[in-house]
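Remarks on the structure that follows.
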2 protein chains.
Amino acid sequence: MSVTIKDVAKRAGVSPSTVSRVLSNHPRISHATSEKVRAIMEDMGYHPNIMAKSLVSKTTQSLGVILPKPAEELFLNTFFMELIRGIVAQANRNGYDVVLSSGSSEQEEVDAVSRLVYGGRIDGAILLYSRKNDPVVDFLSRNQFPAVLVGRSEQHSNMITVDTDNIQAAADATRHLIQMGHRRIGFVSGPPELVVSLDRMEGFKRALQEAGLEYRKDWIVEGEFLQESGYRAMSFFMNLPERPTALVVVDDMVSFGILRGLHELGYRVPEDVAIVSFNNIALSELSTPPLTSIDIGIYHLGYTASQALIQAIQDKNKNGAAIHHQRHIVPHRLVLRESSMFSPSTPK
Amino acid sequence: MSVTIKDVAKRAGVSPSTVSRVLSNHPRISHATSEKVRAIMEDMGYHPNIMAKSLVSKTTQSLGVILPKPAEELFLNTFFMELIRGIVAQANRNGYDVVLSSGSSEQEEVDAVSRLVYGGRIDGAILLYSRKNDPVVDFLSRNQFPAVLVGRSEQHSNMITVDTDNIQAAADATRHLIQMGHRRIGFVSGPPELVVSLDRMEGFKRALQEAGLEYRKDWIVEGEFLQESGYRAMSFFMNLPERPTALVVVDDMVSFGILRGLHELGYRVPEDVAIVSFNNIALSELSTPPLTSIDIGIYHLGYTASQALIQAIQDKNKNGAAIHHQRHIVPHRLVLRESSMFSPSTPK
DNA sequence: CCTTTTTGTTAAAACGTTTGCACAAATCAT
DNA sequence: ATGATTTGTGCAAACGTTTTAACAAAAAGG
């Protein structure tokens, strides 16, 4: 029922092709007709039919975002939402729509993605997780389909990734504590199978060595990205004969667990133990005391992923160039709050 | 380059129409051809082109989800993510894709939506907010476009809405406290311009009256959905000559503020003040003490919205029926935790 | 002034489906 | 056996665009 390019053409007394060219700002259209046609389009309320356009142009102007399975963890939920917002904002700005997809099993996921890809519904895809050996990554890589992975992965050489420089970030966090005068610093890490845990640990180590401080393996504790892990790490450190005066903590949630534990035992933060952690979630400024944290710019991460994907799609369409590996780094920044605002008096 | 229905047809020695009918399980296709064609499709790796299909069938098998503007509040972020997950899960299960859209200004929002609607990219839309007098709602309603609003709205008569029964929920929360033996109960509300605040207050009032307890206006405090509001409400109540023994709190975040304040002043929860609140966010079970809270089933809310929209779309396609108002209620449930697990000793 | 180039427009094919209509073959009713 | 119905398949039009090739008119070049 809606008004088509032909209707406009008829009323303007020109051919459909002309109208189409007006739409795409073809250089060889006279200013006069262009004006006239535009006026009529406006008047008739013409809107191009995206499906028809896609059919012939073989491009859909939309990006697929593959959601990971339900995440129980609060942090992940806010993380993904922020990420998606960044992706959508940038996509829309470039005239792309975003199609969401998810599956409850791995097989379902692959099926859903292949339906989108082979069915020609999306021009590129963004993956929001980085399981090792992911079948969806395999699939996209095999098909030379433009795709961006948020996170780090060595799985395939032709993947575009967007990530935080976690080594740098951890080094920054650690240097801050050193600058505040701390000489005995512990590290609370995440699951050792995650690249992010390892990278942050590495950055911590480097900053220590760079400052000529000893890297003590017995002051490293591993755990999950959960409050309980923090609580446990806290007990561990507090029962040590010789204790660190400051901690670098792999995630804010974990820090909350530490804060709670220290408070229960009557220790003060930052006077007894100073804390710096990562991710700067919204809650970080509301805790007692507010947490010094590395903001990893989640929105920006999504934004960059979107940007990189669109670029890749356009490169492919233009040059037919194969996708080759790229790594985009999104800058982080240290947000100073009370939890690290204390210099231990003991010099040296 | 990819394999089309014609390729399959040729190789199977049948006409394209036959292949198409096999695909749609047309009743008048013989079992033999069906089998043969299916085998060939499998073998050749055929995937139907969604765009072509949409073009002729005038149905896109996708739903639009209109994101609200950036929400700074933590709760909203986790809320939306959970909601989206519910929407996507149910949509995918019914063979629908989900297209996300957002705009940074109101005008942009309307533009984006009208592009999706008029451009024939989506079959229906889900709105995730309920500002009063929303132009997007206006637009959709004017166009008789299938749409579902998550939340309550009296703006238009032909809207389908999905919501929690907040009056019931608040009554349930209040009854629980009464049952625990509380007779002096206060209420910490949200912004009075939000329907949700008013509804919860109404439910609170009803439960009191039903139990023959006095509804005291001076035991009602209004605020935001933020920790600080809770802190302020706490000071207010604690400075009263005659104090409630329990509080019904409009949101978990607000409760956290109250908990923090009470802890600072040395009061115990639930012994000195019992607390019940709403939304049951992931953090609620991690606070000290864990919060008794009304779980409003956010995932389920999204799931239901998706379901209702798909139903509306199909009804419209079949009967050409106009959209008429519906209100779907998603059940809530009271999750009991420590913050309300105490019966005041004073009988009567 | 005639040839060449540029400018503005159009007709028609193509994109990959679905579907109404037609029609032959097979099945059924009598 | 004959006509009526059912079953299985194919033809061709349609969906709303884009785009190639063609061409007339206008402008430029000599």
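Since the model is a prediction, treat every value here as computed from it, not as a measurement. Every chain is numbered from 1 and lettered A, B, ... according to where its sequence line falls, protein lines coming before strand lines.
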Practice problem: Hey, which sits more toward the 5' end of DNA chain D by its nearest nucleotide, Thr33(B) or Leu55(B)? | Solution: Thr33(B)
Quiz item: If each of Ser24(A) and Arg28(A) is mapped to the nucleotide of DNA chain D with the nearest heavy atom, which maps nearer the 5' terminus, i.e. the 5' end?
Solution: Ser24(A)
Quiz item: Can you find an N or O donor on one side and an acceptor on the other, under 3.5 Å apart, linking the side chain of Arg21(A) with the base of dT20(D)?
Solution: yes
Quiz item: What about Ser17(B): does its side chain form a donor-acceptor pair under 3.5 Å with the base of dC11(D)?
Solution: yes
Please tell me which of the listed nucleotides, [options], lies nearest to the side chain of [X]?
X        : options                   : value
Tyr46(A) : dT17(D), dT7(D), dT7(C)   : dT17(D)
Thr18(B) : dT17(C), dG10(D), dT17(D) : dG10(D)
Ser30(B) : dT17(C), dT9(D), dT18(D)  : dT9(D)
Val56(A) : dT18(D), dT19(C), dC15(D) : dT18(D)
Lys58(B) : dG16(D), dT10(C), dT19(D) : dG16(D)
Ile29(B) : dG8(C), dT9(D), dG16(C)   : dT9(D)

Self-check item: DNA chain C: 5'-proximal contact among Pro16(A) and Asn49(B) (nearest heavy atom)
Solution: Pro16(A)
[X] [atom1] - [N] [atom2] separation (whole Å):
X        : N       : atom1 : atom2 : answer
Lys6(A)  : dT17(D) : NZ    : C1'   : 9 Å
Glu35(A) : dG8(C)  : CD    : C1'   : 16 Å
Lys53(B) : dA14(D) : NZ    : P     : 22 Å
Met51(B) : dA14(D) : CE    : C1'   : 19 Å
Ile5(A)  : dC15(D) : CD1   : P     : 14 Å
His31(B) : dT9(D)  : NE2   : C1'   : 18 Å
Leu23(A) : dG16(D) : CG    : C1'   : 12 Å
Asp7(A)  : dT17(D) : CG    : C1'   : 13 Å

Quiz item: Hey, does His26(B) reach any base, or is it just sugar-phosphate, or nothing, if we go heavy atoms under 4.0 Å?
Solution: nothing
Practice problem: Give a yes-or-no answer on whether the side chains of Ser15(B) and Thr18(B) include a donor-acceptor pair shorter than 3.5 Å. | Solution: yes
Self-check item: Flag side-chain contact, heavy atom, 4.5 Å: Val117(A) against Leu140(A)
Solution: yes
Quiz prompt | Centroid separation Tyr118(B) to Phe139(B) less than 6.0 Å | solution = yes
Practice problem: Rounded to the nearest 0.5 Å, what's the gap from NE2 on His300(B) to CG on Leu83(B)? Could you check? | Solution: 12.0 Å
Self-check item: From CD (Glu109(A)) to CG (Leu67(A)), nearest 0.5 Å
Solution: 9.0 Å
Exercise. Determine: side-chain N/O of Thr4(A) to OP1/OP2 of dG16(D), distance under 4.0 Å, yes or no.
Key: no
Quiz item: Which pair of heavy atoms, one from Phe80(A) and one from Leu128(A), lies closest together, and at what distance?
Solution: CE2-O, 3.5 Å
